[in-house]
Amino acid sequence: MFKNALLSIKKNIGKTILLFVIMVVIANLVIAGLSIKSATSKSIASVRQSLGSEVTLSYNTQNMMNNREQGQALDEVVSSITVDMADQLKDLDYVESYNYTLSVSATSDDVDPVETTASSDDSDTSTDDNMQMPDSSDDSSSDRNQFMDSNDFTVIGNTTMANLSDFTDENYVLISGKLLTEDDAGTTNCVIESNLASDNDLEVGDTFSVTTTNSDDEEITVTLTIVGIFEIESSSEIGGMMSNRQNPMNYIYVDISTAQTLNDSTTDITSASYYLDDPDNIEAFIALAESETDIDFDTYTLDANDQIYQSSISSLEDMEQFANIFLWVVVGAGCAILCLILMLTMRSRFYEFGVFLSLGQSKLKIMLQQLIEVLVIAVVAFALSLGTGKMVSNVISGMLESTQSNQSEMVMEIPNNIGDGLDSFDTSSDSDSDSNSRGSLFDQAMTSPEDTELDVSMTASTAVQLAGITGLICVVSVLLPSIYILRLSPREILVKKEG
């Protein structure tokens, strides 16, 4: 049977070459589909990982505004987040670490703030230390701003600074000392910004006091010890500052207990952040929180910052769905084309089949011979496609890498002034880019992508999937025409030999 299959392949060389070419094309199309699926899966995972696994307990602002009566002050509808409330979530499954945050506005007689505006000194001298409310007869906005901006510093209490995004993203960089951790719990250690330190000749180990005023107009003063100094590498907040306390250079990071002392409350916090073991567990954690705690999630919400994630992956999910449809189309079209070719070639072999059946050979062996013929051709085509498939994968990876790079450049190069942006457009560079893109297609095929996250080159898993799909196509393409022909009797087959 195997010998007859090899002789048939050699005898029908035209059919063999045709089947070989078609199988190589089908195999490369399958590889393209598998590469797209692999790339989209990697991209979705990369997007999710880049956003991290942080979930924050905060006010449900939308519901709060919906429940607010017309003209009602915000502080009358806002409910504080409490430590007891936050503690219900920290021991749930999936939580690796957590951080409670409390922000308090403060003043200081020991250090001067990094001034936001040149007029700040004047406004400070015109306002007494207790910062009484401006006289009601004076409605000027400047007086109102003086009252609101009387506190020069923002004291930010944290359980730990290890996971603060400004530091993990390297917007803020530690240049001396250390950041606060759980080991600093209960201490009055603090971390300040380098400009605040240099303006006041402060360094690690020095101390200074900050003061707040409680609801009973009583002053609360705490002496802080500097254990770390950080430098601001980049900050989007600087352009929108209206007062000294909004200036990140005047941020003072302390332990959560110190902030609670200055706030004259051990129960309230500003927010609570939870860091999960895996970003994929965010939805499970939120569902668990809703079922296992008594937190009113109409008033509060667990924000996973997944709006960006959902908007980013929608196109990727569409691409993944397209890849699945593409694979099914390739399999269906491949089966149909091979079935048609094999049916046409089998019609010319009616006499051969009739003789085999007359000699007592079973129909199953004849079908297996046809399958062996196709599989031998498919194995050679499969081996070749492993090489050409590498180039197909590189092209797809290169396109995805180029797309990501272009998107990043578009974000970075959006002009602040639309008119300036229009004036700076260079149409010649666009045409050069298109020319380079067309000219680099071959280079992409021969070069693996630099971004390993987008490298969808041939792997053992891809090769196994390709072999399985190719084998399925071969079996289906042989089975269908064989059933059609071999359902006839030997006499009917011999009669049709001229057909």
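In this text, all values refer to a predicted model and were calculated from it rather than measured experimentally.
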Do we see a donor-acceptor contact under 3.5 Å between the side chains of Thr223 and Ser209?
-> yes

If a pair satisfies salt bridge (charged side-chain N to carboxylate O under 4.0 Å, His left out) and one of its residues is in residues 249-272, list it, with sequence neighbours excluded.
-> none

If only atom types and distance count, is the side chain of Asp184 paired as donor or acceptor with the main-chain N or O of Leu180 below 3.5 Å?
-> no

Among side-chain atoms of Asn163 and Glu54, is any donor-acceptor pair under 3.5 angstrom?
-> no

Test item: Val83 and Ile269 side chains (from C-beta on) under 4.5 Å apart, heavy atoms = yes

Would you mind telling me which of Asp152, Thr154, Asn250 makes a side chain to side chain donor-acceptor pair (under 3.5 Å) with Asn244?
-> Asp152

Short side-chain to backbone donor-acceptor contact, Ser103 and Gly157, under 3.5 Å = no

Do Glu292 and Leu92 pass the side-chain contact (heavy atoms from CB on, under 4.5 Å) test, and can you show the C-alpha distance, the side-chain angles, and the key distance before you say yes or no?
-> CA-CA 9 Å; Glu292 298 293 329; Leu92 292 179; 4.2 Å; yes

Would Leu302 and Leu89 count as a side-chain contact (heavy atoms from CB on, under 4.5 Å) if you check the C-alpha gap in whole Å, the side-chain angles of each, and the deciding distance to 0.1 Å?
-> CA-CA 10 Å; Leu302 284 171; Leu89 300 171; 4.0 Å; yes

Any side-chain heavy atom of Asn189 sitting closer than 4.5 Å to one from Leu224?
-> no

Would you check if Ile81 and Leu57 make a side-chain contact, meaning some heavy-atom pair closer than 4.5 Å?
-> yes

Spacing of Thr207 atom OG1 and Asp110 atom CG [to the nearest 0.5 Å] = 7.5 Å

So, the side chain of Asn281 versus the backbone of Ala284: is there a donor-acceptor pair under 3.5 Å, distance only?
-> no

Determine the minimum heavy-atom distance between Gln260 and Thr266, stating which atoms define it.
-> NE2-O, 3.5 Å

Going through the distances and angles, do Ile31 and Leu466 end up as a side-chain contact (heavy atoms from CB on, under 4.5 Å)?
-> CA-CA 7 Å; Ile31 290 173; Leu466 174 62; 3.7 Å; yes

When rounded to the nearest 0.5 angstrom, what distance separates CD in Glu231 from CG in Asn171?
-> 12.5 Å

Hey, could you give me the CD1/CE distance between Ile156 and Met161, rounded to the nearest 0.5 Å?
-> 8.5 Å

Just wondering, do Ile192 and Ile229 contact through their side chains at under 4.5 Å, heavy atoms?
-> yes

Quick check: does any side chain N or O of Asn247 sit under 3.5 Å from a backbone N or O of Met249, one acting as donor and the other as acceptor?
-> yes

Is a side-chain donor or acceptor of Thr470 paired with a backbone partner of Ala467 at a separation under 3.5 angstrom?
-> no

For residues Ile286 and Glu283, determine if any side-chain heavy atom of one lies less than 4.5 Å from a side-chain heavy atom of the other.
-> no

Contact summary for Ile175 and Ser194, nearest pair of heavy atoms | CD1-CB, 3.8 Å

What's the verdict on side-chain contact (heavy atoms from CB on, under 4.5 Å) for Leu29 and Phe326, showing C-alpha distance, side-chain angles and the deciding distance?
-> CA-CA 9 Å; Leu29 291 176; Phe326 179 79; 4.0 Å; yes

Gap between atom OG1 of Thr82 and atom CD of Gln88 - 0.5 Å precision = 7.5 Å

Distance-minimising heavy-atom pair for Ser176 and Val204 = OG-CG2, 3.3 Å

Answer whether the closest heavy-atom distance between the side chains of Thr188 and Val254 falls below 4.5 Å.
-> no

Look only at the side chain of Tyr100 and the backbone of Ala86, and say whether a donor-acceptor pair between them is shorter than 3.5 Å.
-> yes

Within a radius of less than 6.0 Å around CD of Gln321, do more than 12 heavy atoms belonging to other residues, nucleotides or ligands occur?
-> no

What are the two closest non-hydrogen atoms of Glu193 and Asn195, and how far apart are they?
-> OE1-N, 2.6 Å

Taking C-beta and beyond as the side chain, do Asn214 and Ile220 meet within less than 4.5 Å on heavy atoms?
-> yes

Measuring from Asn324:CG to Leu34:CG, what's the distance to the nearest 0.5 Å?
-> 9.5 Å

Distance, nearest 0.5 Å, that separates CE of Met85 from OG1 of Thr299 = 8.0 Å

What one should report as the nearest heavy-atom pair of Val210 and Ala106 is CB-CB, 4.3 Å

Is the closest side-chain donor-acceptor distance between Thr221 and Thr211 under 3.5 Å?
-> yes

Decide whether Ser58 and Thr56 meet the rule of one side-chain donor and one side-chain acceptor closer than 3.5 Å.
-> no

Sub-3.5 Å donor-acceptor pair from the side chain of Thr261 to the main-chain atoms of Ser257, do we have one?
-> yes

Any donor-acceptor pair under 3.5 Å linking the side chain of Asn99 with the backbone of Thr159?
-> yes

For Leu164 and Asn158 the tightest heavy-atom approach is CD2-OD1, 3.6 Å

Go through Tyr94 and Phe285 one step at a time and tell me if the ring-ring contact (aromatic ring centres under 6.0 Å, His included) criterion holds.
-> CA-CA 7 Å; Tyr94 314 117; Phe285 170 72; 7.2 Å; no

N/O donor-acceptor pair under 3.5 Å between Gln246 side chain and Ser243 backbone | yes

Can you find a heavy atom in the side chain of Leu179 that is under 4.5 Å from one in the side chain of Thr181?
-> no

With ring centroids as reference points, do Tyr253 and Phe167 lie under 6.0 angstrom apart?
-> yes

So, Asn151 side chain and Phe153 main chain: donor-acceptor pair closer than 3.5 Å or not?
-> no

